[in-house]
Chemist: 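Structure incoming, see below.
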Number of protein chains: 2
Amino acid sequence: MLVTMPTSKPVPASRRSDATRAAILDAARERFATEGYERATIRAIARDANIDPSMVMRYYVSKEGLFAAAVSVDLELPDLSQVPREAVGRALVTHFLAMWEENEVLTALLRVGATNPAGAERMQGIFRDQVLPVARQVCPDPEGAPARAALVASQLLGLALTRYVLRFPSAVELDREEIVAWLGPTVQVYLSSAHP
Amino acid sequence: MLVTMPTSKPVPASRRSDATRAAILDAARERFATEGYERATIRAIARDANIDPSMVMRYYVSKEGLFAAAVSVDLELPDLSQVPREAVGRALVTHFLAMWEENEVLTALLRVGATNPAGAERMQGIFRDQVLPVARQVCPDPEGAPARAALVASQLLGLALTRYVLRFPSAVELDREEIVAWLGPTVQVYLSSAHP
DNA sequence: CGAGGAAGTCAACGCGTGTTGGCAAACAAT
DNA sequence: ATTGTTTGCCAACACGCGTTGACTTCCTCG
């Protein structure tokens, strides 16, 4: 007899609708990234995914639920204790650029965070849970970590803002190596230099 | 005969409705700054200004017209040729902080620019017409000015983003002198240091 | 085959939005 | 006092939104 993938009755390990669910998530990520929360309509997302708007509701309950499912961020920050002290800045900037360019979720979150209170809280959470710990691990003075992490975040998010959201031509035209060469030392100073 | 203020018939220099017009603009600026373009509704703005929504339309034609009238930005960038070469970075950061904290229009524009295409274009225009010229005036290599200006903008807008829009606690708690001390040298490097 | 449930479509609801035109009051000028 | 204009309110329109429930179609398993 022909053996199909799922073996258990109660919890089908893979559903027939998985393709549709994924299509919805893809379309949602794209719309949220390019238009923000309010302008990205469920109807438009459904159209992109070639299904009826009501399917989005069935699978993700509400627009908020869809956003929560579509936008989950893991910065995958590397273990900086392995990296030589003086190369930390460049390593971080390189990593950030790579993450941002391969992952439209980050742009979506930044766009939404700028107008939506829940989006802003989400970004605060990522900063607190993923960026701050790394800063604590690297920087010399433990009590100065929040300030140093905030400075690093301001420079990196500012680059993302001007380059991927506002799309200032001058920022878009910078190439990655150039960015690393300029921002690397800055981040390095913010993280490890003595208070100026 | 009694002479009233306006002397000419066709263009009354001051109208009786000026107070209302100003109240609308104030309310609009506040709403746009705190909620962005789409969430700031004409009805809410009218409620804040204690008038009927239809008055907003009569005076400003459309929501877009209201936004255009409410948000006009002059960065008032100082003449940097008067400032000693090595103090330019700190001077710029200080000026930016002052402008941003006294003027909610800038926050409004940043919020709107992140979700609204027209808002983004508006910010590009400000960058092109107000920031770029100053960079050209200051930095050593003429052809490097756009890149240098973009770097400066990324750092300054990133600070505004994390501090005034996303309100990261660590960024909000920084005090102004501290920010000047950290960002001043960064901006200085971006503007005048040799390509690294 | 036939039953049962999952996947998907369709039409509609209630709501809030930007926007419009008509009408009452307040003021200005003759 | 009477006219005309400005200032304002009110009620309504058309539209698009998120969301809902009933209905058809398709697959899968006895």
Side-chain angles (χ1 to χ4, degrees), chain A residues 1-25 27-28 31-32 35-70 112 115-116 118-119, chain B residues 1-25 27-28 31-32 35-70 112 115-116 118-119:
Chain A
M1 50 185 166
L2 197 56
V3 178
T4 52
M5 199 62 61
T7 52
S8 60
K9 252 195 301 182
V11 179
S14 103
R15 280 163 297 197
R16 190 155 46 98
S17 63
D18 281 357
T20 302
R21 298 179 115 94
I24 295 176
L25 281 191
R31 287 280 176 178
F32 283 134
E35 323 195 26
Y37 189 81
E38 349 281 340
R39 298 169 72 94
T41 69
I42 291 214
R43 283 169 153 93
I45 292 169
R47 205 177 319 123
D48 291 352
N50 284 317
I51 42 97
D52 191 87
S54 63
M55 297 301 295
V56 179
M57 305 302 295
R58 215 212 276 287
Y59 290 147
Y60 298 100
V61 183
S62 69
K63 190 178 182 181
E64 276 200 31
L66 174 62
F67 180 74
V112 173
T115 21
N116 197 285
Chain B
M1 52 186 161
L2 197 57
V3 178
T4 52
M5 197 63 61
T7 51
S8 59
K9 253 195 301 184
V11 180
S14 104
R15 277 163 301 196
R16 192 155 45 96
S17 63
D18 281 356
T20 303
R21 298 179 115 92
I24 295 176
L25 280 191
R31 287 279 175 178
F32 283 134
E35 324 195 28
Y37 189 81
E38 350 280 340
R39 299 171 72 94
T41 70
I42 291 213
R43 284 170 155 91
I45 292 169
R47 205 178 318 125
D48 291 353
N50 283 318
I51 43 96
D52 190 88
S54 64
M55 297 301 297
V56 179
M57 304 303 295
R58 188 173 298 182
Y59 290 145
Y60 298 100
V61 183
S62 69
K63 190 179 182 180
E64 276 200 32
L66 174 62
F67 181 75
V112 173
T115 21
N116 197 286

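Lettering follows sequence order; numbering is per chain, from 1.
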Chemist: Starting at atom CD1 of B:Ile51, determine the distance to atom P of C:dA26, rounded to an integer number of angstrom.
Modeler: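 These atoms are roughly 18 Å apart.
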
Chemist: Using modelled atom types and a 3.5 Å cut-off, is there a donor and acceptor pairing between side-chain atoms of B:Lys63 and backbone atoms of B:Met57?
Modeler: no

Chemist: For A:Arg58 and for A:Tyr37, locate the closest nucleotide of DNA chain D by heavy-atom distance; then report the residue assigned to the nucleotide nearer the 5' terminus.
Modeler: A:Tyr37

Chemist: Any side-chain N or O of A:Thr41 less than 4.0 Å from the OP1 or OP2 oxygen of D:dC17?
Modeler: yes

Chemist: B:Arg21: which residues meet the side chain to side chain donor-acceptor pair (under 3.5 Å) condition with it, sequence neighbours left out?
Modeler: B:Ser17

Chemist: What is the distance, to the nearest angstrom, from the CD1 atom on A:Ile45 to the P atom on D:dG18?
Modeler: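 To the nearest whole Å, that distance equals 8 Å.
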
Chemist: Name the pairs: protein N/O against N/O of nucleotides 11-14 of chain C, kept only if under 3.5 Å.
Modeler:
none

Chemist: For the pair made of CZ in A:Arg31 and P in D:dG16, what is the distance, rounded to whole Å?
Modeler: 15 Å

Chemist: Between A:Glu38 (CD) and C:dG16 (P), how many Å, whole number?
Modeler: 16 Å

Chemist: To the side chain of B:Lys63, which of D:dT19, C:dA6, C:dG18 is closest?
Modeler: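 Of all the options, the side chain of B:Lys63 is nearest to C:dG18.
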
Chemist: Taking CG from A:Asn50 and P from C:dA7, how many angstroms apart are they, rounded to a whole number?
Modeler: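 Result: 18 Å.
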
Chemist: Where each residue is assigned the nucleotide of DNA chain C containing its nearest heavy atom, which of A:Arg21 and B:Met57 is assigned the position nearer the 5′ end?
Modeler: A:Arg21

Chemist: Quick one: ring-ring contact (aromatic ring centres under 6.0 Å, His included) partners of A:Phe67, sequence neighbours excluded?
Modeler: A:Phe32, A:Tyr37

Chemist: Closest approach to the side chain of A:Met55, judged atom by atom: which nucleotide of D:dG8, C:dG8, C:dT19 is it?
Modeler: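 Among D:dG8, C:dG8, C:dT19, the one nearest the side chain of A:Met55 is C:dG8.
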
Chemist: Would you mind reading off the distance between B:Arg16 atom CZ and D:dG4 atom C1', rounded to a whole angstrom?
Modeler: 13 Å

Chemist: A:Arg47 has an atom CZ; how far is it from atom P of D:dG16, in whole Å?
Modeler: 11 Å

Chemist: At 4.0 Å (heavy atoms only), tell me whether B:Tyr59 reaches a base, stays on the sugar-phosphate, or touches nothing.
Modeler: sugar-phosphate

Chemist: Is any side-chain heavy atom of B:Tyr60 closer than 4.5 Å to a side-chain heavy atom of B:Leu25?
Modeler: yes

Chemist: If you round to the nearest 0.5 Å, how far is CD1 of B:Ile24 from CZ of B:Arg58?
Modeler: 11.0 Å

